[in-house]
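Order of the sequence lines sets the chain letters (A, B, ...), proteins ahead of strands, with each chain counted from 1.
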Protein chains: 2
Amino acid sequence: MARRSDHSRAELREIIIATGHRHMEEVGFAHFSAREVAKRIGYSIGTIYNVFGSYDSLILAINGRTLALWRDHLERRLAESADGADRLRRAIAAYFEFAAGHRHAWAAIYDFRLPEDTAPPEGYQQQVRAIFEIVIAEVRVALPEDRQGEAEALTRSLLATVHGHCVFAMNGTFAMLGEGAPVEAALQRVQDAVGSSGTC
Amino acid sequence: MARRSDHSRAELREIIIATGHRHMEEVGFAHFSAREVAKRIGYSIGTIYNVFGSYDSLILAINGRTLALWRDHLERRLAESADGADRLRRAIAAYFEFAAGHRHAWAAIYDFRLPEDTAPPEGYQQQVRAIFEIVIAEVRVALPEDRQGEAEALTRSLLATVHGHCVFAMNGTFAMLGEGAPVEAALQRVQDAVGSSGTC
DNA sequence: TATTTTATTGAACATCGTCCATTTTCTGGC
DNA sequence: GCCAGAAAATGGACGATGTTCAATAAAATA
């Protein structure tokens, strides 16, 4: 079968993650199978476990890849316009775009849960914080000087706000309740909080 | 084993749902097992499938039970104070309380997904809308007369907002980002939108 | 009581994550 | 070029899952 010299350990790891990520995008977390990933790369199931140690580690690696792609998309989208006034809108749209464009991989980030007492590995946490930092910068720009102190806490809350809208848009809750413009609704909530519409 | 005369079909259905719900609360969606439910009620696995037809229907019934309990909790909590001014705060707190008090059953509502093209049964959708209606009434009370027209759309958006905060609180995202007071954050966003803090 | 209807069973099947003894492949020293 | 030790890869075995359905048992009916 596959020869050792074909791939270094790091290369093999990368191949498994890439193939696994594709498989995740196609079938979703509920139907994801480590065996299927092994089949697709032409290795046996045992090799997957030799490289990742456990199913959970494999999923974590795949979800980490998804986070990296998400951050890329967010940055690319924000970089498009030199410095338009609608950067927060663009950030929110990018959030929804990625979720819609990678339904299954995006959902897997939240469908998968580590055992109760276990924390995600440091690298994974850093990826989440990297996205957080990107959004903080945008919130800072939108916030008046006398409110810069709120920026961190407010960004956490606004991320949760946008996430909630995105979840309801993706899982059908909004459809059930008759909501047709989730992105605009989320943007409205963000503007309420940032006060950029300037009604005071 | 169990005799037909012991339970009517409807009783058996109820027993399965109750036992299944308990099992779901204990182990969560990922480790839920229809076989285990059968074992606990002293019937064979086949009987579960005779009554519910499929695994998905069983999960749907259990999640429906969770929704009913959630609505009960919300109503009870709102009824506690005759008519305090902090009813929205109470509603939000009730949302979080239920999620925290029924971690696994609550998460199962969102962990489970029907096949892409399938819509939830009418009864299930009604349960979701029932919770929606309860919150609408509270939002109407908090909203000035000239904004009553927004009530429905705003409630959908605020539900998503609170849900997002609740998800991040329950799945560890807030912990990763250093957020320590998710309920207060959610309340702040709701007040931003409803304008009840009256800064204008 | 005899017959029909209904309820219940559990073996069989395909698949899954997990483990690990075994085999294969690679590598460095002679 | 060859051989021993290290590293990589294998795949059968295990217990568990959802799912199906012919066989069985019980109840209802005649």
Do any N or O atoms of the protein come closer than 3.5 Å to N or O atoms of nucleotides 15-18 of chain D, and which pairs are they?
| from | atom 1 | to | atom 2 | distance (Å) |
| --- | --- | --- | --- | --- |
| dT17(D) | OP1 | Ser33(B) | OG | 3.1 |
| dG18(D) | OP1 | Ala34(B) | N | 3.1 |
| dG18(D) | OP2 | Ala34(B) | N | 3.4 |
| dG18(D) | N7 | Arg35(B) | NH1 | 2.3 |
| dG18(D) | O6 | Arg35(B) | NH1 | 3.2 |
| dG18(D) | O6 | Arg35(B) | NH2 | 3.3 |

Neighbour count above 12 (heavy atom, 6.0 Å) for Arg89(A) CZ:
no
Closest nucleotide of DNA chain C for Gly46(B) versus for Asp56(A): which of these residues is on the 5' side?
Gly46(B)
Please state how far atom CD1 in Ile48(B) lies from atom C1' in dT9(C), giving the value in whole angstrom units.
13 Å
Just to be sure I understand the rule, does Leu12(B) reach a base, reach only the sugar-phosphate, or reach nothing, if contact means heavy atoms closer than 4.0 Å?
sugar-phosphate
Quick one: is Ser44(B) getting a side-chain N or O under 4.0 Å of the dT9(C) phosphate, OP1 or OP2?
yes
Check Arg76(A) with Glu80(A), please: is the shortest side-chain N to carboxylate O separation under 4.0 Å?
no
What is the separation between atom CZ on Phe52(A) and atom P on dC19(C), rounded to the nearest whole Å?
16 Å
Hey, are the side chains of Leu69(A) and Phe98(A) touching, using non-hydrogen atoms and a 4.5 Å cut-off?
yes
State whether Arg90(B) and Glu97(B) are salt-bridged, where the test is any N-O pair (Lys NZ or Arg NE/NH1/NH2 against Asp/Glu carboxylate O) under 4.0 Å.
no
Between Glu26(A) and Arg22(A), does any side-chain N to carboxylate O distance fall below 4.0 Å?
no
Would you please name every residue forming a side-chain hydrogen bond (donor to acceptor under 3.5 Å, both in side chains) with Thr173(A), sequence neighbours left out?
Asn171(A)
Starting from C1' on dT5(C), measure out to CG on Asn50(B) and report it in whole angstrom.
14 Å
note: Tyr43(B), atom OH; dA26(D), atom P; distance rounded to Å ~ 13 Å
